[in-house]
Amino acid sequence: LHAGYEYRSGDDNPAKNFDILWGRYVQFSDLFAGNLETLEGLPAGAASNFHRFNVGAAAEPVEDVIVLLNYNLLLADENNLAGTAGFSDSGDVRGHLFSAQVKMTHNEHATSVITGEAFLPGNYYTDAANDVATFARYELMLVW
């Protein structure tokens with residue numbers, strides 16, 4: 001079991017925020033970093049005005065299979081995009097992000113990873129921009 005908290009402060013002007021440069025790899029979500037963060041006009045990994053509460057679990061139900069489950073509550077520190085298309089005038093709940101990953105070791109040369117994520121938008125977004133977003137990926141890694 002694990003729990004965590006992340007806070008990214010920032011200026012009201014996203015162009016003045018710290019440029020994370022080398023930190024633009026996926027930190028906690030392919031879906032959020034790849035698509036949702038860029039709604040605010042920021043490059044992937046550069047979100048600020050951001051709180052993330054995380055709880056999750058990892059288990060090995062059978063030999064060579066690891067299952068990871070995560071829930072993230074995403075909040076805005078302040079609603080600084082009020083009046084911008086797609087963003088509400090008063091909400092601060094960015095949404096709920098659920099993720100699951102199954103890692104399987106088939107043999108010494110083959111490993112598979114199945115990843116799935118779902119984001120349920122909160123009241124930080126308007127009704128016109130609150131569709132559920134999903135992400136899925138299958139990876140097969142061969143090593144010699």
>> For His106 and Thr111: C-alpha separation, side-chain torsions, deciding distance, then whether side-chain contact (heavy atoms from CB on, under 4.5 Å) applies.
In response: CA-CA 6 Å; His106 305 292; Thr111 304; 5.6 Å; no

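For Asp127, the side-chain contact (heavy atoms from CB on, under 4.5 Å) partners at least two apart in sequence or on another chain are Asn130. Residues meeting the side-chain hydrogen bond (donor to acceptor under 3.5 Å, both in side chains) test with His51, sequence neighbours left out: Tyr5, Asp77. The side-chain hydrogen bond (donor to acceptor under 3.5 Å, both in side chains) test applied to Asn70 returns His2, Asn54, not counting sequence neighbours. Take Ser99 and apply the side-chain hydrogen bond (donor to acceptor under 3.5 Å, both in side chains) test, not counting sequence neighbours, and it matches no residue.
Taking hydrophobic clusters as Ile, Leu, Val, Met, Phe, Trp and Tyr residues chained together by side-chain heavy-atom distances below 4.5 Å, Met104 shares a cluster with Leu142. The hydrophobic cluster containing Val93 also contains Val55, counting ILVMFWY residues as joined when their side-chain heavy atoms lie under 4.5 angstrom apart, directly or transitively.
For the pair Asp92 (side chain) and Leu75 (backbone), a donor-acceptor distance under 3.5 Å is absent. Judged by distance alone, with hydrogens and angles left aside, the side-chain atoms of His96 form no donor-acceptor pair with the main-chain N or O of Leu73 at under 3.5 Å.
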Side chains of residues 133-140: which donor-acceptor pairs under 3.5 Å do they make with residues two or more places apart or in other chains?
residue	atom	partner	partner atom	Å
Arg137	NE	Glu139	OE2	3.0
Arg137	NH1	Asp30	OD1	3.3
Arg137	NH2	Asp30	OD2	3.0
Tyr138	OH	Ser112	OG	2.8

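What you find for Ala59 and Pro61 is that their closest heavy atoms are O-CD, 3.4 Å. Scanning all heavy atoms of the two residues, the minimum distance from Leu74 to Leu97 falls at CD1-CB, 4.3 Å. Here the shortest heavy-atom pairing between Tyr125 and Arg94 reads CE1-O, 3.1 Å. In terms of heavy atoms, Tyr124 sits closest to Gly91 at CD1-O, 3.4 Å.
Pairs passing the salt bridge (Lys or Arg N to Asp or Glu O under 4.0 Å) check and including a residue from residues 97-107, sequence neighbours excluded, do not occur. Applying the salt bridge (Lys or Arg N to Asp or Glu O under 4.0 Å) test to pairs two or more places apart or on separate chains, those with a residue in residues 48-76 are Glu6-Arg52.
Ring planes of Tyr71 and Phe98: tilted class, angle from 30 to 60°.
The hydrophobic cluster containing Val113 also includes Met141, under a criterion of side-chain heavy atoms closer than 4.5 Å among ILVMFWY residues, counted directly or through chains of members. With side-chain heavy atoms closer than 4.5 Å counting as contact, directly or through intermediates, the hydrophobic cluster containing Ile66 also holds Leu68.
Rounded to the nearest 0.5 Å, atoms CG (Asn72) and CD (Glu117) are 9.0 Å apart.
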